[in-house]
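Naming convention: chains lettered A, B, ... in sequence-line order (proteins, then strands); numbering from 1 in each chain.
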Amino acid sequence: MKPEISKIQGAAEAILFASGEPVSLERLAEVLELDKPTAEKILNHLTDRFNAENAGVQILRLEDGWQMCTRAEYAGQVRQALDMRRNMPLSQAALEVLAVVAYNQPVTKSFVEQVRGVDCSGVLGSLTSKGLVEERGRLDLPGRPLIYGTTPDFLRCLGISSLDDLPPVEHGEEEEEADEPQKQSWPAEDAG
Amino acid sequence: MKPEISKIQGAAEAILFASGEPVSLERLAEVLELDKPTAEKILNHLTDRFNAENAGVQILRLEDGWQMCTRAEYAGQVRQALDMRRNMPLSQAALEVLAVVAYNQPVTKSFVEQVRGVDCSGVLGSLTSKGLVEERGRLDLPGRPLIYGTTPDFLRCLGISSLDDLPPVEHGEEEEEADEPQKQSWPAEDAG
Amino acid sequence: MEKLNYRLETFEGPLDLLLVLIRKNKMSILDIRITELVDQYLEQIGAMRQRDMDVSSDFLEMAARLVYIKTVSLLPKTEEAEQLSRELSGQLLEYEECRRIASLLGKKITFDSFPREQAKVEFDTSYRGNILPEALFDAYRSAVGRGRRLLPPKPEAFSGIVSHGIVSVTSRIIRVLRRLRGTGTARYTDLYSGCRGRSELVATFLAVLELVRGKRIRVDGEDNDVVTLLHRPAAQRKPVGSEQQ
């Protein structure tokens with residue numbers, strides 16, 4: 001009986017952990033293959049065990065189920081740790097995408113991908129959520145692709161006041177698209 | 001003293017929980033305001049406590065950091081509760097590319113292709129999007145080829161803590177010291 | 001030779017196929033009997049083609065390499081053949097080891113433990129770190145360096161290589177024809193008079209070759225070469241060769 005219960009508790013714990021949101025009693029009972037009262041008893045027990053310790057993680061009983069989250073008293077340290085990662089130096093891939101956008105804006109994703117030769121969706125997304133790159137509407141072309149440009153925050157992070165202050169790309173040595181308006185060099189629309 | 005330590009452990013636990021990704025020793029030490037050896041001791045203790053129980057959540061040591069994740073034995077229930085699909089097992093080609101990258105990283109695509117004798121662009125791309133392999137910048141050679149390495153996720157999926165725990169390579173060309181005892185139990189080889 | 005009974009499997013690549021053949025023939029990787037291997041390899045590729053299976057260029061490249069090794073090994077001096085065989089053996093050993101490791105990884109790798117998404121801590125996610133303009137610039141060069149291999153090069157990219165203006169062969173064809181129009185003949189060397197620079201000389205030479213090929217002119221003689229305009233129905237045929245030098 002005992003190991004059986006601890007396995008069910010383990011499963012409940014794993015489910016609550018992996019789900020970012022509250023998990024309902026119905027769902028838990030269904031997955032754990034228990035009737036609702038038993039499931040509730042087990043969840044309450046799990047909650048007590050978690051919350052008794054002076055632990056970093058707690059289980060909250062909410063209206064619509066249970067949710068695992070950090071204890072409020074550690075919010076400061078959690079924030080600090082996550083904040084640090086937020087401001088870690090950008091990855092090489094992120095820097096490259098940012099550079100291509102900065103020197104050629106406004107650009108479509110497919111333009112960036114054509115220049116870099118690799119898929120850039122994830123990187124563009126994370127640059128957008130970091131506030132360094134922003135959407136600038138859509139191109140009036142088939143597929144109406146989104147176009148991107150850099151933000152004022154981007155200038156601030158670089159410590160420059162205008163895009164004109166970016167290190168100039170030399171003629172001849174570098175690709176010419178940095179200097180020309182981009183209108184004519186949009187890559188052909190692709191299905192991807 | 002005792003409550004102090006349990007508070008630090010609580011904070012570490014909260015940070016690992018909230019972060020999702022592996023958190024490096026360096027960052028943990030900084031946020032917890034400890035020197036690295038002490039932070040490591042506390043994290044190891046926390047890890048033991050978590051992993052001793054028949055719990056749903058475990059702490060993994062990955063390279064120089066720690067990550068919290070669910071235990072594999074509850075995978076079925078977690079998938080069911082969160083409506084996740086089962087991951088397809090990796091193809092033979094993907095495993096081969098992964099093997100070459102893991103043992104020789106950082107490597108270029110053309111190195112991988114030389115070992116396997118076939119084009120590997122597609123496979124490398126899909127391993128990258130699965131998060132098992134990542135770009136690591138470029139080689140300073142003509143063409144500036146991208147170089148690739150494995151991610152902490154790769155270690156996690158393999159259930160090992162470090163690249164040192166990979167199964168040893170057999171014939172001596174790799175100039176590796178084989179005097180270290182094998183930390184992990186690798187299944188006996190077969191002809192495949 | 002023993003007729004091998006293949007089930008037509010898909011191979012991971014030419015090395016995979018070679019390993020299968022070596023195993024079936026009970027050869028040692030270190031002692032490859034190249035003649036047997038070539039025949040069976042080609043036979044297998046033929047079979048794959050018959051079934052309309054995808055035979056990638058990698059397979060064909062290996063076929064060429066095997067045939068070359070075989071050819072060299074038929075020559076009396078076999079040092080090169082030994083060297084080539086050793087290289088192939090080394091590559092096969094390495095690939096075999098790669099497969100062994102891959103199979104070990106395959107047995108261990110699972111996607112059964114789930115990390116969490118990062119907790120939604122309520123701060124704005126905007127980036128507050130510093131970015132060095134130089135780092136951004138380097139990243140740009142790096143990105144463009146890669147893209148350049150994938151984008152077709154622009155004409156300007158060749159400006160450093162072709163520093164003399166481009167002389168089109170077509171323009172020289174017209175010039176040669178014009179010169180011949182009056183008398184119908186000219187001395188060969190006269191065609192080059194007035195050429196400035198190597199580009200014009202080369203373009204004129206190519207123009208003459210094109211015209212000869214198109215049977216518009218004939219070049220006769222040895223010392224005092226004479227170029228003759230051949231009579232053809234006018235405007236029936238445009239000058240060949242409109243490509244640029």
Checklist line | Pairing of E13(A) and K7(A) as salt bridge, 4.0 angstrom limit | finding: no
Notebook entry, point to check: For V23(A), is it the side chain, the backbone, both, or neither that has a heavy atom closer than 4.5 Å to a heavy atom of chain B?
Noted result: neither
Margin query: For M68(B), which atoms come within 4.5 Å of any heavy atom of chain A: side chain, backbone, both, or neither?
Written below: both
Next item on the list: Would you list the pairs meeting ring pair (Phe, Tyr, Trp, His ring centres under 6.0 Å) in which at least one residue belongs to residues 6-30 of chain A, sequence neighbours left out?
Entry: F17(A)-F17(B)
Note to self: Between T70(B), L32(B), L28(B), who has the most heavy-atom pairs with chain A when the cutoff is under 4.5 Å?
What the structure shows: T70(B)
Note to self: Heavy-atom cut-off 4.5 Å, strictly under: side chain, backbone, both or neither for E135(B) against chain A?
What the structure shows: side chain
Check: Who are the side chain to side chain contact (heavy atoms under 4.5 Å, CB included) partners of Q58(B), not counting sequence neighbours?
Finding: N51(B), L60(B), C69(B), R71(B), S113(C)
Checklist line | Residues K36(B) and E40(B) bridged, charged N to O under 4.0 Å | finding: no
